[in-house]
Enquirer: 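Submitted below is the structure of interest, expressed as structure tokens.
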Amino acid sequence: MDEKYFPEKIENKWQQHWEQTKAFEATEDDPRPKFYCLEMLPYPSGFLHMGHVRNYAIGDALAWYKRLQGFNVMHPIGWDSFGQPAEQAAIKRGINPRDWTEENIAHMRGQMKRLGISYDWSREIAAHRPDYYKWDQWFFLKMFERGLAYKKKSPVNWCPKESTVLSNEQSSGGVCWRCGAEVEKRDLEQWFLRITEYAEQLVGDIKQIETSWPEKVLKRQSDWVGRSEGAYIDFAVRDSDRKIRVFTTRIDTIFGATALVLSAEHPLIEELLPASALKNHVMAFAAKVIAGKAARDRADEEAEKEGINTGVLAINPFSGETIPVWVANYVLMEYGSGAVMSVPAHDERDFEFAQKYSLPIRRVIERISHEQESIPHDATSEDQSIAMQHAFTDEGILVNSGDWSGKLSKDAIREMASYAETHGFGQTAVTYRIRDWGISRQRFWGAPVPIIYCEDCGMVPVPEKDLPVRLPERAEFTGSGESPLAGVADFVNTTCPKCNRPARRDTDTMDTFVDSSWYFFRYCDPRNEKAAFDPAIASKWTPVDQYIGGDSHAVMHLIYTRFWTKVMRDLGLVSFDEPVKRLLTQGMVTNRIEGTDEWKAMSKSLGNGVDPDEMVQAFGADAARLFVLFAAPVENELRWSESGIEGAVRFLRRVYTMVWRWQERLSNDAPATANDESSAAARALRRKTHQTIAKVTNDFEELHLNTIVAALMELFNEVSAFEVQPNTASDSDVFALREALESIVLMLAPISPHAAEEMWEHLGHSGGLLNSGSWPLADAALAKREELEIPIQVNGKLRSRVLVAPDVTEEELRTAALNDEKIRAFIDGHEVVKVIVVPQRLVNIVIR
RNA sequence: GCCGGAGUGGCGAAAUUGGUAUACGCACCAGACUCAAAAUCUGGCGAGGUCAAACUCAUGUCGGUUCGAGUCCGACCUCCGGCACCA
């Protein structure tokens, strides 16, 4: 009798309906408030995995929720379609990367549609198409004009397996972010984007988003930028007019400096040393360190500290003391000034180094002791013979520091820096760890760098009118390390835009993170042929209201896109600093490795992958999506479970069957309003309905999607327990029931939209949820309880409960508690010391 | 090593400001239906204790604050993630 729940039939029906009615296409002239809901665009590998499904299920839930709330929602999708795998496929199987990519896109688009994700397909974009990468090139030229894109020869991170350069972000930890191969250093001419120019803003603007981005992501970004305040100090060199500049954050420890240490790459080593056997020795040591560095970069363990005394002497500008200059392997040329003052007593690394080479360790900072009445002075800590086990790296109070003794570190840091500044041997400074973004890749499948080299005119940017610089149809994939484009004569050979003589094109392509740094602006105006986007149109949609993706991009994509936005702002294209108002980083989807107890991210190589298509076929897209959202909080790891998804199907089936059973009574002659003679059960159901609406609405705002599903199940359980029959139910019962069921269907729509549409129709509504539906509103009066069950504690232990009216006074509640039979048994014969009454909540009776 | 985050039933997990710990689901057990099974429905399900109750114990460990602690404070243990000589 009951109609069965056939997901396939329902899902096909509504996917067609949505497509035919262009249900999810957003327009700018819609007067309603906008909501830009964005998921990270996928690489078209060919197949969706469950991580994608989770990402899109979350995004789609929010998009639907906002639509039902009356927002004009833009929910676009596209393809991050440049990159290695297409090229690998070309090398291995002789396929054209373009064909491979387009086929993959077609297949994945089908998978997304079968999942019923509510994308606005009219805005679809793909990075590998000339109408997109033209604007990558345009942005590059704008940056080039402003000096934000520049070329330099420098040691770069080289992945030997993939024969290409990687950015610092992509070779974090000394291994390739994609293939895990150990990264080498190579000297190459490379294009860089001056992200360091924006280092301060990348840290400073964090305060604009700190409440709405995960703390974890912001911390990693802030660590990556590595802002550090300190001072440069110049040490004069004895018998020379040269100076050695060091960077320190602890100028207050300068009286404890017992050596200066230069990095092996420091240019002054060569200059300072007179030709001698010692010099040969030092230079040889430096060369050895440089050679060993690349290898050490990828070693897990830190190398043992090694150094050599150069025999050169430097003069401490504060104390006038003469100290030796060393070269050592633990000082980095890339940071600060490539030289440090060594203060063994107050820096762990210097301490370790000093111990190894028996350099003096001089304590100049004392802990501020609370027991100690007087400020410690030089005499008390004169005894340096007390063996130190560790450096004392905290701030404290200065001792043995001449006129500065007795000052607090934090004051001394400020005052000594300004002293150095006024006396011309130093300046306060801020340094950053972040390096410029190397974007040259020796690859075919990317956006060509729009630069031409002319023998007479030098480096000439391609004029804007000549964009895009198109990729050739084919290239030889030699794997030699040189870009495949270099072998395509038609591509390389061109004429100089300035002098019209023969010239050559740059043969590198850009990092694919360039494509993804601004793609969501293109969605706003995806077919614009005159500009990357019309700023007026983009300003209607951006910034992105909600961005959803994995946290693996915390310091790559997400820092690049923040940088890009700031550049676009400076180009006058956008008017804000931060592109994304709110960020959600979803957890991984894991599955058990067969035969073990280990849960690992799904992957082909581990054999623990689950195919979304098979899930949809077996259980339906609605159940798959419901399970994915229900099984864990969005930011947690999600453990795959076949029986979990079966549970999701059961729930949908139960709701569906219930709607079917009641549809005739509900859609034909359901009463329009509740009447006053509602049964207690009907009132209870209405109460639960309105409580659930309030909870679900709040949970959507806070992105607690798993508890939304739980709340809907709870409400449905009450509906199931509501013992009335379609043919005998009173009007007021029917009203309560219809209200509950319609609320469930509406609130289920963001999670399992096909089933919700179908049930909405069965409930007597035509035209689909988006037209006739709207998000239910909670009525606080109806949600209020008629009776409260108040727990009564004796000495903090639960002993009884009493039923009272919700408007009970404190005094009444207190009396009710003390007169409760069970409670009397506990308190008889004891002295009641205190009665704590928490209104509406609980009573605690303290006895002795 | 440093910096984050997290430890709650057999499992995924819930729990406004400190106020009924274990909602919801999975698994499991029992019953109904069935010749039988599956599906479905009903009930049970932290541990100890009891015929049943009462009661006792329980949110990683130990301590503290409080009338009252999963939640706050201190110390420790374990796991996960990030960074790795950044001066």
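In the text below, chain A, chain B and the rest are named by the order of the sequence lines, each starting its count at 1.
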Enquirer: Taking NZ from A:K219 and P from B:rC80, how many angstroms apart are they, rounded to a whole number?
Expert: 19 Å
Enquirer: State whether A:K834 places a side-chain N or O below 4.0 Å from either non-bridging phosphate oxygen (OP1 or OP2) of B:rC67.
Expert: yes
Enquirer: Under 4.0 Å between any heavy atoms, over every strand shown, what does A:F627 touch: base, sugar-phosphate, or nothing? Just pick one.
Expert: nothing
Enquirer: Nearest whole angstrom, please: distance from the P of B:rC83 to the CZ of A:R433.
Expert: 9 Å
Enquirer: For a quick test of reading the model: is some side-chain N or O of A:R639 closer than 4.0 Å to OP1 or OP2 of B:rC26?
Expert: no
Enquirer: Would you confirm whether A:T707, through its side chain, and A:H704, through its main-chain N or O, come within 3.5 Å as a donor-acceptor pair?
Expert: yes
Enquirer: Please give the distance between the P atoms of B:rA27 and B:rU34 as a whole number of Å.
Expert: 25 Å
Enquirer: Would you measure the distance from the C1' atom in B:rU78 across to the matching atom in B:rU61 and give it in whole Å?
Expert: 10 Å
Enquirer: Please give, in whole Å, the distance from B:rA69 P to A:L842 CG?
Expert: 12 Å
Enquirer: Without decimals, in angstroms, what is the distance between A:W640 CH2 and B:rC26 P?
Expert: 15 Å
Enquirer: Rounded to whole angstrom, note down the P distance from B:rG19 over to B:rA13.
Expert: 22 Å
Enquirer: On RNA chain B, nearest-nucleotide positions of A:I845 versus A:V340: which is more 5'?
Expert: A:I845
Enquirer: Looking only at the side chain of A:E789 (C-beta and beyond, no hydrogens), which of the listed nucleotides B:rU20, B:rA87, B:rA13 gets closest?
Expert: B:rU20
Enquirer: Have a look at A:N636 and say if it touches a base, only the backbone sugar-phosphate, or nothing, with a 4.0 Å heavy-atom cut-off.
Expert: sugar-phosphate
Enquirer: Rounding to an integer number of angstrom, what distance separates B:rA84 and B:rG1 when you compare their C1' atoms?
Expert: 9 Å
Enquirer: Think A:N706 has a side-chain N or O under 4.0 angstrom from the OP1 or OP2 of B:rA14?
Expert: yes
Enquirer: Mind checking if A:R801 touches a base, just sugar-phosphate, or nothing, with heavy atoms under 4.0 Å?
Expert: base
Enquirer: Regarding B:rC85, can its base be found pairing with the side chain of A:K305 as donor and acceptor, where the two atoms are less than 3.5 Å apart?
Expert: yes
Enquirer: Could A:K305 and A:Y330 be counted as a cation-pi pair, given that NZ or CZ must be under 6.0 Å from the ring centre and within 45° of the axis?
Expert: yes
Enquirer: Counting side-chain heavy atoms from C-beta on, which of B:rC67, B:rA14, B:rU20 comes nearest to A:T707?
Expert: B:rA14
Enquirer: What's the closest nucleotide to the A:P633 side chain, out of B:rG4, B:rA14, B:rG25?
Expert: B:rA14
Enquirer: Could you tell me whether A:R841 contacts a base, only the sugar-phosphate backbone, or nothing, with contacts defined as non-hydrogen atoms closer than 4.0 Å?
Expert: base
Enquirer: Does one side chain, of A:S263 or A:E265, offer a donor that lies under 3.5 Å from an acceptor on the other?
Expert: yes
Enquirer: Using the C1' atom as the reference point in each nucleotide, state the distance between B:rG81 and B:rC26 in Å, no decimals.
Expert: 27 Å
Enquirer: Side-chain N or O of A:K797 versus OP1/OP2 of B:rC57: is the shortest distance under 4.0 Å?
Expert: yes
Enquirer: Given B:rG19, B:rC85, B:rU56, identify the nucleotide with an atom nearest to the side chain of A:Y330.
Expert: B:rC85
Enquirer: Under 4.0 Å, heavy atoms only, any strand: does A:N844 hit a base, just the sugar-phosphate, or nothing?
Expert: base
Enquirer: Counting distance only, does the side-chain N/O of A:H346 pair as donor-acceptor with the main-chain N or O of A:I365 below 3.5 Å?
Expert: yes
Enquirer: Hunt down the Watson-Crick or G-U wobble partner of B:rG63, both distances under 3.5 Å, from any strand shown, or write none.
Expert: B:rC73
Enquirer: Please classify the nucleic acid contact of A:R592 as base, sugar-phosphate, or nothing, using heavy-atom distances under 4.0 Å.
Expert: nothing
Enquirer: Any strand counts, and the cut-off is 3.5 Å on both contacts for Watson-Crick or G-U wobble. Which nucleotide pairs with B:rA32?
Expert: B:rU40
Enquirer: If I pick the P atom on B:rU17 and the same atom on B:rA6, what distance separates them, to the nearest angstrom?
Expert: 15 Å
Enquirer: How many whole angstroms separate atom OH of A:Y232 from atom P of B:rA87?
Expert: 11 Å
Enquirer: Atom CZ of A:F247 and atom P of B:rC85: how far apart are they, to the nearest Å?
Expert: 17 Å
Enquirer: When we call it a touch if two heavy atoms are under 4.0 Å apart, what does A:R227 touch: a base, just sugar-phosphate, or nothing?
Expert: nothing
Enquirer: To the nearest 0.5 Å, what is the distance between CE (A:M615) and CZ (A:F627)?
Expert: 10.0 Å
Enquirer: Any cation-pi pair here, A:R363 with A:F392, using under 6.0 Å and within 45°?
Expert: yes
Enquirer: Using a 4.0 Å heavy-atom cut-off across all strands, classify A:N717 as base, sugar-phosphate, or nothing.
Expert: sugar-phosphate
Enquirer: Can you tell me the Watson-Crick or wobble partner of B:rC11, both distances under 3.5 angstrom?
Expert: B:rG25
Enquirer: Base, sugar-phosphate, or nothing: which does A:G336 touch, judged by heavy atoms less than 4.0 Å apart?
Expert: nothing
Enquirer: With the side chain of A:T249 defined as its heavy atoms from C-beta on, choose the nearest nucleotide among B:rA87, B:rA23, B:rG4.
Expert: B:rA87
Enquirer: Select one nucleotide: of B:rA14, B:rC41, B:rC85, the one nearest the side-chain heavy atoms of A:R654.
Expert: B:rC41
Enquirer: Looking at B:rG1, which nucleotide sits across from it as a Watson-Crick or G-U wobble partner, both distances under 3.5 angstrom, or is there none?
Expert: B:rC83
Enquirer: Provide the distance between the two P atoms, one in B:rG70 and one in B:rG64, to the nearest whole Å.
Expert: 15 Å
Enquirer: May I ask you to say what A:V846 touches in the nucleic acid, namely base, sugar-phosphate or nothing, with a heavy-atom cut-off under 4.0 Å?
Expert: sugar-phosphate
Enquirer: Quickly work out the A:E352 CD to B:rG1 P distance and round it to whole Å.
Expert: 14 Å
Enquirer: Rounding to an integer number of angstrom, what distance separates B:rA69 and B:rG63 when you compare their P atoms?
Expert: 14 Å
Enquirer: Name the pairing partner of B:rU78, where a pair is Watson-Crick or G-U wobble with both distances under 3.5 Å, or state none.
Expert: B:rA6
Enquirer: Partner of B:rC57 by Watson-Crick or G-U wobble geometry, both contacts under 3.5 Å, or none?
Expert: B:rG46
Enquirer: Checking A:R433 against A:W224: charged group under 6.0 Å from the ring centre and within 45 degrees of the axis?
Expert: yes
Enquirer: Is the closest basic N to carboxylate O distance between A:R250 and A:D252 below 4.0 Å?
Expert: yes
Enquirer: Tell me whether B:rG64 sits syn or anti, counting syn as a glycosidic angle within 90° of 0.
Expert: anti
Enquirer: For B:rA87, take OP1 and OP2 only and decide whether either is under 4.0 Å from a side-chain N or O of A:S228.
Expert: yes
Enquirer: Between B:rG25, B:rG19, B:rG4, which nucleotide has the shortest distance from any of its atoms to the side chain of A:V838?
Expert: B:rG19
Enquirer: For RNA chain B, whose closest nucleotide is more 5', that of A:M713 or that of A:D699?
Expert: A:D699
Enquirer: Does either side chain, that of A:T196 or that of A:Y432, offer a donor lying less than 3.5 Å from an acceptor on the other one?
Expert: no
Enquirer: Once you round it to whole Å, what is the distance between P of B:rU40 and CZ of A:R661?
Expert: 17 Å
Enquirer: Would you say A:R799 reaches B:rU20's phosphate, i.e. side-chain N/O to OP1/OP2 under 4.0 Å?
Expert: no
Enquirer: Checking ring-ring contact (aromatic ring centres under 6.0 Å, His included) against A:Y5, which of A:Y656, A:W660, A:F651, A:F619 comes through?
Expert: A:Y656
